[in-house]
Amino acid sequence: MRESTAEVVIIGGGPGGYVAAIRAGQLGLRTVLIERAALGGTCLNVGCIPSKALIHAADAFHVANGQRETTPFGLSMGEAKLDFGRTVAWKDAIVNRLTGGVAGLLKRSGVSVISGVAEILDGKTVKVGTADATTRVRAKHLVLATGSVPQVLTTLPFGGNVISSTELLSLPERPRNLVVVGAGYIGLELGIAFAKLGSDVTVVEAAERILPRWDAALTRPVVRRLEELKVSVITSAYAQGLTPDGESLLIEQRGRAPRELPADKILVAVGRTPCTEGFGLERLDLAMDGKFVAIDDRSETSMSNVWAIGDLTGEPMLAHRAMAQGAMVAENIAGQRRSFDATAIPSVCFTDPEVISVGRTPEEAKADGKVDGYEIKVATFPFAANGRALTQVDEEGFVRIVARASDHLVLGAQAVGAGVSELTSSLTLAIEMGAVLEDIAGTIGAHPTRSEAIHEAALGALGRGLHF
Ligand code: FAD
Ligand code: NAD
């Protein structure tokens with residue numbers, strides 16, 4: 001057995017683990033990163049990046065086909081063709097480029113990367129079996145960044161045509177009938193993409209409406225787009241399992257007789273579960289927060305010098321949260337006093353149209369206000385009154401701002417519409433910097449841009465709206 005010592009050993013090379021490793025290396029800490037699969041974790045390999053590549057290709061194909069009938073601005077084209085094999089290969093090339101980039105960044109930061117499955121022996125020792133040898137790494141600090149895996153439905157275990165997002169992102173061809181179980185982030189981002197690619201898509205959701213984490217006003221434009229794309233949406237419904245021939249999904253919808261949905265592929269996307277088993281985590285007997293590893297505001301677990309970051313530590317299970325925690329943990333290990341005190345972590349659902357939320361929603365702010373004794377102001381500005389949106393032939397959606405009535409402190413913002421994901425950074429910055437409505441109203445935005453809707457929503461909240 002090989003022996004190795006370090007100041008920091010990190011298990012998991014996803015956005016949490018690789019960022020922690022780069023930052024630790026930059027800070028001069030001797031760092032070992034152990035990854036059992038490809039660097040970049042879920043996000044780079046089978047999550048954020050490949051899904052956005054597929055969404056882009058699907059959208060381009062759909063838009064091109066939409067131009068078979070003359071567009072309002074006079075363009076018409078012939079039938080669009082898509083070589084799906086090339087689409088998947090292009091997506092894989094982007095993934096490889098980014099994971100290769102991560103390897104380069106780790107090298108530049110002086111991080112030692114070991115490829116293999118890590119097993120925790122105690123809070124300072126990790127064993128890893130590689131192709132040629134077993135290595136025991138001893139380190140003062142252990143960072144757990146093992147991420148999450150798709151949640152299994154007991155009625156519909158993965159296997160055969162029942163697949164997770166990982167397999168859906170690498171299919172050799174487009175399924176004729178795709179049934180999606182779960183109308184959350186993954187189900188709708190990918191369900192919409194495959195509908196645009198030409199699959200017949202049916203979405204089965206247990207809740208009463210799609211995207212139940214988001215409020216109904218925000219999701220209404222997505223419901224309309226699903227109708228336009230002829231995606232069947234079945235809510236208040238549960239998957240009961242495959243039919244005996246394995247060719248259909250049996251579902252039960254509240255108030256209706258069970259029915260069968262023919263399916264070439266069934267995507268199960270009902271959430272993700274933290275990766276806590278099979279690598280000796282139980283030996284540490286850490287305090288848990290439900291199924292997640294419990295952490296304090298510095299991301300330290302109940303055992304001193306054992307840290308946990310990313311999906312392993314709970315909601316929101318987002319790459320940018322994992323990265324922020326990773327950098328912070330490295331700085332804490334290096335002796336800096338950092339704590340995780342983000343006022344706002346933006347969420348983006350890359351559906352068509354995109355949906356975003358930063359900070360408090362009107363409902364959340366109202367509930368806080370009841371406890372803390374304040375009233376709120378909410379103002380909305382529709383893209384139908386935005387010049388840029390009209391010139392892009394897509395006026396669906398709006399921007400909404402939530403502020404405290406007494407001092408106009410901006411508490412939150414939401415939006416739905418084409419390209420609104422790019423509005424998150426200015427909205428998050430405003431909230432992090434404690435902006436008031438007057439700060440946004442007094443900032444000159446470039447014309448004509450969709451971001452003017454933020455300015456107009458702030459003006460609206462102040463009763464000074466100009467274009468609506
Ligand atoms: P992971 O990325 O899951 O990485 C954990 C790593 O640990 C893995 O590489 C795993 O192989 C490794 N590992 C586990 N156990 C061991 C062991 N014993 N030994 C060695 N290595 C081990 N988030 C966003 O913010 N934006 C998006 O657009 C977005 N899109 C997504 C789309 C899909 C289809 C999916 C599935 C997820 C998406 N996410 C998105 C979520 C995002 O991918 C995760 O929040 C993020 O990857 C979490 O990072 P992490 O470092 O905590 O874990
Ligand atoms: P999710 O929590 O977003 O959605 C799961 C959906 O499945 C919910 O609407 C839920 O009501 C439904 N559901 C649960 N059990 C069901 C059942 N038995 N039958 C039918 N429906 C059922 O989870 P997800 O879509 O699997 O995504 C997992 C996580 O990955 C997300 O929570 C998010 O953290 C991350 N993610 C983020 C992005 C992004 O940031 N754009 C994209 C994809 C994934």
Side-chain angles (χ1 to χ4, degrees), residues 10-20 33-52 54-55 99 114-120 126-129 143-151 153-156 164-166 168-169 180-191 203-214 234-240 251-252 267-281 308-323 325-326 345-351 354-356 421:
I10 300 169
I11 306 179
Y18 86 70
V19 167
L33 174 69
I34 306 169
E35 170 55 59
R36 66 180 175 190
L39 288 170
T42 303
C43 179
L44 263 60
N45 292 286
V46 292
C48 328
I49 298 299
S51 63
K52 271 68 220 181
L54 213 67
I55 287 168
T99 54
I114 304 181
S115 296
V117 179
E119 185 190 338
I120 297 170
V126 175
K127 187 173 86 173
V128 50
V143 181
L144 306 171
T146 51
S148 63
V149 289
Q151 174 84 46
L153 269 187
T154 46
T155 53
L156 203 59
S164 75
S165 51
T166 300
L168 186 70
L169 287 167
V180 174
V181 181
Y185 276 100
I186 295 177
L188 285 191
E189 286 186 6
L190 294 179
V203 178
V204 178
E205 164 60 47
E208 284 174 3
R209 57 186 187 80
I210 61 154
L211 292 174
R213 291 170 187 246
W214 309 72
I234 306 174
T235 53
S236 305
Y238 286 88
Q240 298 300 311
I251 62 154
E252 209 161 84
L267 166 68
V268 176
V270 294
R272 292 183 59 90
T273 195
C275 200
T276 51
E277 285 171 11
F279 62 101
L281 186 65
I309 54 181
D311 285 8
L312 182 66
T313 62
E315 298 281 358
M317 286 199 257
L318 298 173
H320 40 283
R321 170 176 172 267
M323 291 192 251
Q325 288 176 317
I345 302 174
S347 322
V348 179
C349 195
F350 291 87
T351 38
E354 293 174 349
V355 187
I356 65 168
S421 52

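One-based numbering, in listed order, for ligands and for the atoms of each. For the numbers below, each heavy atom of this structure counts, side chains included, while hydrogens, waters and symmetry mates do not.
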Numbered atoms of ligand 1 (with element) below 4.0 Å of Val117, judged on heavy atoms: 18 (N), 19 (N)
Residue Gly116 vicinity, atoms of ligand 1 by number, heavy atom under 4.0 Å: 19 (N), 20 (C)
Nearest neighbour in protein (non-hydrogen) for atom 18 (N) of ligand 2: Leu153 CD2, 3.4 Å
Part of Thr42 within contact of ligand 1 (heavy atoms, under 4.0 Å): both
Heavy atom of Val46, distance to ligand 1 below 4.0 Å: yes
Side chain to side chain contact (heavy atoms under 4.5 Å, CB included) between Val181 and Leu267, worked out: CA-CA 6 Å; Val181 181; Leu267 166 68; over 6 Å; no
Heavy-atom check, side chain of Glu35 versus side chain of Ile11, under 4.5 Å: no
Identity and separation of the nearest protein heavy atom to atom 20 (C) of ligand 1: Arg36 N, 3.3 Å
Shortest protein contact, atom 32 (C) of ligand 1 (heavy atom only): Gly47 C, 3.3 Å
Where ligand 1 meets Ser51 - atom numbers and elements under 4.0 angstrom, heavy-atom basis: 32 (C)
Within-cut-off N or O pair, Ser165 and ligand 1, under 3.5 Å: no
Per-residue contact class, Tyr185 against ligand 1 - non-hydrogen pairs under 4.0 Å: neither
Taking atom 20 (C) of ligand 2 as the reference point, the nearest protein heavy atom with its distance: Ala206 N, 3.3 Å
Glu189 N/O under 3.5 Å from ligand 1 N/O: no
Nearest atoms (heavy-atom pairs only) where Met323 meets Val19: O-CG1, 3.4 Å
N or O contact, Tyr185 vs ligand 2, cut-off under 3.5 Å: yes
Distance, nearest 0.5 Å, that separates CD1 of Ile10 from OH of Tyr18: 12.5 Å
Straight-line distance of Ser236 OG to Arg209 CZ, nearest 0.5 Å: 11.5 Å
Check: Leu312 N/O within less than 3.5 Å of ligand 1 N/O: no
Those atoms of ligand 1 less than 4.0 Å from some heavy atom in Cys43: 2 (O), 43 (O), 47 (O)
Nearest non-hydrogen protein atom, atom 49 (O) of ligand 1: Pro15 CD, 3.3 Å
Donor-acceptor under 3.5 Å (Thr155 side chain, Ala239 main chain): yes
Backbone or side-chain N or O of Arg213 under 3.5 Å from ligand 2 N or O: yes
Atom 35 (C) of ligand 2 - nearest protein heavy atom and its distance: Met317 O, 3.5 Å
Cationic N near anionic O, under 4.0 Å, Glu315 to Arg213: yes
Atom 52 (O) of ligand 1 - nearest protein heavy atom and its distance: Asp311 N, 2.9 Å
Gap separating the CG atom of Leu144 from the CD1 atom of Ile120, nearest 0.5 angstrom: 5.0 Å
Straight-line distance of Ser51 OG to Leu190 CG, nearest 0.5 Å: 6.0 Å
Met317: numbered ligand 1 atoms lying under 4.0 Å from its heavy atoms: 41 (C), 45 (O)
N/O donor-acceptor pair under 3.5 Å between Glu354 side chain and Ser421 backbone: yes
Close approach of Arg272 to ligand 1, heavy atoms, under 4.0 angstrom: yes
Shortest protein heavy-atom distance from atom 5 (C) of ligand 2, along with the residue and atom involved: Ala269 O, 3.5 Å
Heavy-atom nearest option to atom 31 (C) of ligand 1, drawn from Cys48, Gly41, Gly40: Cys48
Main-chain N/O of Ile345 paired with His320 side-chain donor or acceptor, under 3.5 Å: no
Proximity to ligand 2 by part of Glu189, non-hydrogen separation under 4.0 Å: side chain
Proximity of Pro212 to ligand 2 by residue part, where a heavy atom lies under 4.0 Å: side chain
Under 3.5 Å: N/O of Val348 near N/O of ligand 2: yes
Taking atom 4 (O) of ligand 1 as the reference point, the nearest protein heavy atom with its distance: Gly14 CA, 3.5 Å
Side-chain touch Cys43/Pro15, heavy atoms, less than 4.5 angstrom: yes
Donor-acceptor contact below 3.5 Å, side chain Gln325 vs main chain Ile309: no
Closest protein heavy atom (residue, atom, distance) for atom 44 (C) of ligand 2: Ile186 CG1, 3.4 Å
For Phe279, atoms of ligand 1 separated by under 4.0 Å from a heavy atom: 18 (N)
Residue and atom name of the nearest protein heavy atom (relative to atom 10 (C) of ligand 1), distance in Å to one decimal: Glu35 OE2, 3.5 Å
Val181, portion touching ligand 2 at heavy-atom distance under 4.0 Å: side chain
Residue selection (non-hydrogen contact nearest atom 18 (N) of ligand 1) among Gly16, Gly147, Ala118: Ala118
Contact partition for Ala145 relative to ligand 1, non-hydrogen atoms under 4.0 Å: backbone
Those atoms of ligand 1 less than 4.0 Å from some heavy atom in Gly310: 52 (O)
Shortest protein heavy-atom distance from atom 4 (O) of ligand 2, along with the residue and atom involved: Gly184 CA, 3.2 Å
Between Thr313 and Arg321, a side-chain donor and acceptor under 3.5 Å: yes
Atoms in ligand 1 flagged as close to Lys52, the criterion being non-hydrogen separation under 4.0 Å: 27 (C), 28 (O), 29 (C), 30 (N)
Nearest non-hydrogen protein atom, atom 28 (C) of ligand 2: Arg272 CG, 3.6 Å
Under 4.0 Å to a heavy atom of Phe350 - the qualifying atoms of ligand 2, by number: 41 (N)
Close side-chain approach of Glu205 and Pro212, heavy atoms under 4.5 Å: yes
Under 3.5 Å: N/O of Glu205 near N/O of ligand 2: yes
Proximity to ligand 2 by part of Thr155, non-hydrogen separation under 4.0 Å: neither
Proximity to ligand 1 by part of Ser148, non-hydrogen separation under 4.0 Å: backbone
Residue and atom name of the nearest protein heavy atom (relative to atom 14 (C) of ligand 2), distance in Å to one decimal: Val270 CB, 3.6 Å
Closest to atom 17 (C) of ligand 1 (judged by heavy-atom distance), picking from Ile345, Ile11, Leu190, Leu169: Ile11
Validation row: Glu189, Cys349 side chains within 4.5 angstrom (heavy atoms): yes
Side-chain heavy atoms of Thr146 within contact of Phe279, under 4.5 Å: yes
